[in-house]
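Have a look at the structure below, then the notes.
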Amino acid sequence: MTGANNTTNTTDTTDSRGAYDVIVIGGGAGGLNAALVLARARRTVAVVDAGAPRNAPSAHMHSFLSRDGVPPLTVLEVGRAEIARYGAVRIDGRVDQVEPAETGGYVVRLDGGATLDARHVVLATGLHDELPDIPGVRAMWGQDVHFCPYCHGYEVRDQPIVVLGVHPASPGQALLLRQWSSRVTYVPHDRPLTEEERERMDARGVEVAEGTVSALLAKDGRLHAVELADGRSLECAGVFLFPKMTPNDGAFAGLGCEKDEQGWLVTDRAGRTSRPGLWAVGNVIDPRAQAVTAAGMGAAAAFALNHDLVDEEIERDLAAHRAAGRPAAAPVAAS
């Protein structure tokens, strides 16, 4: 951290609207880590942050080395302070659209009409979890109702767990959770099990409670039981479900970025989309990415992005050098 407060960022273009080497859309772990690496590389960086991270309902973050058990919003507060030390700018707001600029790069249009110019744009806006319309699910989401066993399975280890069959991947979720508890019950809800799935449940020791879920019941503010439509109730310490996930990639709509068959942006390993200058990291391209994964993706994208900017600058400097008619440097003779 030595000298961080004296770091001065540089840029090649400025105007009254605000121009940056890189604009990062989204202020979660992926976006902030990308901004941190780029700001330390002395790039001018702005992070446009709507302040609505996916993991905000969760009380604690897990499986993130050195941050295990820390509230997610605390991690973000620390990250915001870190990028500010290196001169990155954080802007509270939402991005309506990213458009190509006539002079190259991109124009980022904010909700409310303000615009920013950027040479490159990193999309780190995560995804939207569409939850089943079951009373109690939304209220307890992130507290006692979860998606990720690796994030929250340990906290309900050896206790009764109920998995709701609301997604094609729900049976696999139940089979996985058996790793954390021998008391896992699967409720098919609106997705009946196939014979093969039922056999796998039996072999794994997962109990199946036929029926549909009518509500999740709370007691003293915490999950107490799952109520079925026939009046039965299943006491449990945690409910897991697989939500329908939709990427928050509307800012790149109309730019022609390639998507896969499921509708997710296609990137290379560094986060480059199919359109030069546009990058994407985290849950907006990978629904399986945890916060620690997204942070790593942000760093990887930042490394590659900075190298791309350096290559652009070398080409620009070479063109200017040649236009000025300057002779090439003479080779140094060996001594």
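Only this structure's heavy atoms are used, side chains among them; waters, hydrogens and symmetry mates stay out.
- In this structure, Phe147 has its ring center under 6.0 Å from that of Phe242.
- For residues 253-276, no residue pair satisfies the ring-ring contact (aromatic ring centres under 6.0 Å, His included) rule, not counting sequence neighbours.
- Looking at Arg198 and Glu210, a side-chain N of the basic residue comes within less than 4.0 Å of a carboxylate O on the acidic one, giving a salt bridge.
- Annotation: side chain to side chain donor-acceptor pair (under 3.5 Å) contacts of His146 (sequence neighbours excluded): none.
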With a cut-off of 3.5 Å and sequence neighbours excluded, list every side-chain donor-acceptor pair involving residues 249-257.
residue	atom	partner	partner atom	Å
Asp249	OD2	Lys259	NZ	3.0

* Let me see the working for Val137 and Leu216 under side-chain contact (heavy atoms from CB on, under 4.5 Å), right down to the final yes or no. => CA-CA 7 Å; Val137 166; Leu216 304 190; 3.7 Å; yes
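- Arg288 pairs by the salt bridge (Lys or Arg N to Asp or Glu O under 4.0 Å) definition with Asp286, not counting sequence neighbours.
- Asp111 meets the salt bridge (Lys or Arg N to Asp or Glu O under 4.0 Å) test with no other residue; sequence neighbours excluded.
- Put simply, the side chain of Val163 reaches to within 4.5 Å of the side chain of Val184, judged on heavy atoms.
- In this structure the side chain of Ile23 never reaches within 4.5 angstrom of the side chain of Val95, judged on heavy atoms.
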* May I have the step-by-step check of side-chain contact (heavy atoms from CB on, under 4.5 Å) for Leu38 and Tyr20, ending in yes or no? => CA-CA 11 Å; Leu38 289 163; Tyr20 299 88; over 6 Å; no
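- Neither side chain, Tyr186 nor Arg204, offers a donor N or O lying under 3.5 Å from an acceptor on the other.
- Ser214 and Glu227 form a side-chain donor-acceptor contact under 3.5 Å, judged by distance and modelled atom types alone.
- Under the 4.0 Å criterion applied to side-chain N and carboxylate O atoms, Arg119 and Glu313 are assigned as salt-bridge partners.
- With salt bridges taken as basic N to acidic carboxylate O contacts below 4.0 Å, none links Arg94 and Asp96.
- Every salt bridge (Lys or Arg N to Asp or Glu O under 4.0 Å) that Glu99 has, sequence neighbours left out, goes to Arg109.
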